[in-house]
Amino acid sequence: MTQQLDVTRERGGQDVRELMSVEGFARIAAMEEAERRLVLRELIAAEYGCEAADSRRLASERLHAWATLARSDLDGARRLGCSFDALFEEQPAEMAMRRAMVVQSVVAAEFDDDERALLLEAIPGMRRQVASSVPKVVTARGAPEPTATAEPKPKRTGLGRFFHRN
């Protein structure tokens, strides 16, 4: 059972929600690595230590803020992403699985291909959670009609019909 964390708690005089803004993340990206990891560790605890709906909302806010930051400061967004990924390497597998599910859900529902590519550029660890493009599903209705110029495939007989070459 996850515990409910107050994401509005103070951190050195700053509201955690304020830190999760574009401006807040820009300030965190400008910090030295050790200080950046301390702040991000608290944000991870706030984001993934609450109920599922709150966790998804916070992840959405964070990813949107990071995408916005990446448009103006890709290096800063990369610093955040690398620090965030390094901290997740220290987390239990259960939290990593939760992160993967939340990130997949948010990115698939809320980001277009260009934004997804930008996030993948800024947050290297996301490549393990999110495909860079969603494959298109072709249905029988959407399948192209065979052309008249296409030569028919030779009919396989005997055991050859069970073995296919790719």
Side-chain angles (χ1 to χ4, degrees), residues 1-139 142:
M1 178 87 178
T2 59
Q3 66 184 39
Q4 183 72 28
L5 292 181
D6 181 10
V7 296
T8 61
R9 68 188 166 141
E10 296 288 319
R11 185 210 170 268
Q14 286 188 307
D15 182 320
V16 172
R17 296 295 298 261
E18 180 184 323
L19 290 173
M20 291 185 74
S21 67
V22 176
E23 296 78 19
F25 282 127
R27 286 193 305 274
I28 295 168
M31 295 175 177
E32 293 295 321
E33 181 67 17
E35 186 179 6
R36 181 172 41 252
R37 285 188 183 200
L38 287 173
V39 175
L40 289 175
R41 189 172 279 117
E42 287 187 34
L43 294 178
I44 287 171
E47 186 175 323
Y48 293 99
C50 55
E51 298 299 320
D54 292 331
S55 183
R56 188 184 190 291
R57 182 179 43 77
L58 290 170
S60 173
E61 290 175 16
R62 174 178 54 84
L63 292 170
H64 281 284
W66 281 10
T68 301
L69 178 63
R71 284 185 197 96
S72 61
D73 180 11
L74 185 57
D75 288 338
R78 283 182 181 148
R79 281 191 300 277
L80 282 172
C82 290
S83 297
F84 198 82
D85 287 345
L87 289 170
F88 254 95
E89 294 296 323
E90 302 169 3
Q91 303 302 316
E94 179 182 299
M95 188 178 285
M97 287 174 36
R98 185 171 185 192
R99 176 191 182 198
M101 290 186 314
V102 169
V103 168
Q104 284 175 9
S105 164
V106 168
V107 172
E110 300 179 21
F111 291 85
D112 64 25
D113 288 342
D114 292 336
E115 292 169 324
R116 190 176 300 120
L118 185 61
L119 284 172
L120 290 171
E121 180 71 23
I123 311 165
M126 267 185 55
R127 293 188 189 283
R128 292 183 295 247
Q129 285 112 27
V130 178
S132 59
S133 64
V134 179
K136 304 250 187 274
V137 176
V138 177
T139 62

Dump the intermediate steps for side-chain contact (heavy atoms from CB on, under 4.5 Å) on Leu19 and Glu42, then the final yes or no.
-> CA-CA 10 Å; Leu19 290 173; Glu42 287 187 34; over 6 Å; no
For Glu47 and Arg98, what are the C-alpha separation, side-chain angles and deciding distance, and is it a salt bridge (charged side-chain N to carboxylate O under 4.0 Å, His left out)?
-> CA-CA 11 Å; Glu47 186 175 323; Arg98 185 171 185 192; over 6 Å; no
Step by step, would you call Leu38 with Met31 a side-chain contact (heavy atoms from CB on, under 4.5 Å)?
-> CA-CA 10 Å; Leu38 287 173; Met31 295 175 177; over 6 Å; no
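Looking at Leu63 and Glu110, their side chains never come closer than 4.5 Å, going by heavy atoms from C-beta outward. Between Arg62 and Leu43, the closest side-chain pair of non-hydrogen atoms is not below 4.5 Å. Two residues are said to be in side-chain contact when any heavy atoms from C-beta on lie closer than 4.5 Å; Val103 and Ile123 fail this criterion.
Contacts of Glu61 classified as salt bridge (Lys or Arg N to Asp or Glu O under 4.0 Å), with partners at least two apart in sequence or in another chain: Arg17, Arg57. Scored by the salt bridge (Lys or Arg N to Asp or Glu O under 4.0 Å) test, Glu33 finds Arg36, Arg37 as partners (sequence neighbours excluded). With sequence neighbours left out, the side-chain contact (heavy atoms from CB on, under 4.5 Å) criterion links Met95 to Ile44, Tyr48, Phe88, Gln91, Pro92.
For the pair Asp112 and Glu115, the tightest heavy-atom approach, listed with the atom from each and the gap, is OD1-N, 2.8 Å. Between Ala46 and Cys50, the shortest heavy-atom contact is O-SG, 3.4 Å.
Between atom CE of residue Met20 and atom OG of residue Ser60 there is a gap of 9.5 Å, rounded to the nearest 0.5 Å. The distance from atom CZ of Arg99 to atom CD of Gln104, rounded to the nearest 0.5 Å, is 11.5 Å. Note: Glu23 CD to Leu69 CG = 9.5 Å, rounded to the nearest 0.5 Å. We find the CZ-CG distance between Arg71 and Leu118 to be 6.0 Å, quoted to the nearest 0.5 Å.
A donor-acceptor pair under 3.5 Å is absent between the side-chain atoms of Glu89 and the main chain of Ala86, judged by distance alone.
Residue pairs meeting the ring-ring contact (aromatic ring centres under 6.0 Å, His included) criterion with at least one partner in residues 100-123, sequence neighbours excluded, are His64-Phe111. Screening residues 19-43 for ring-ring contact (aromatic ring centres under 6.0 Å, His included), with sequence neighbours left out, gives Phe25-Trp66.
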Kindly list each side-chain donor-acceptor pair under 3.5 angstrom involving residues 73-82, sequence neighbours excluded, with atom names and distances?
{"from": "Asp73", "atom 1": "OD1", "to": "Gly76", "atom 2": "N", "distance (Å)": "2.9"}
{"from": "Arg78", "atom 1": "NH2", "to": "Glu121", "atom 2": "OE2", "distance (Å)": "2.2"}
{"from": "Arg79", "atom 1": "NE", "to": "Ala29", "atom 2": "O", "distance (Å)": "3.0"}

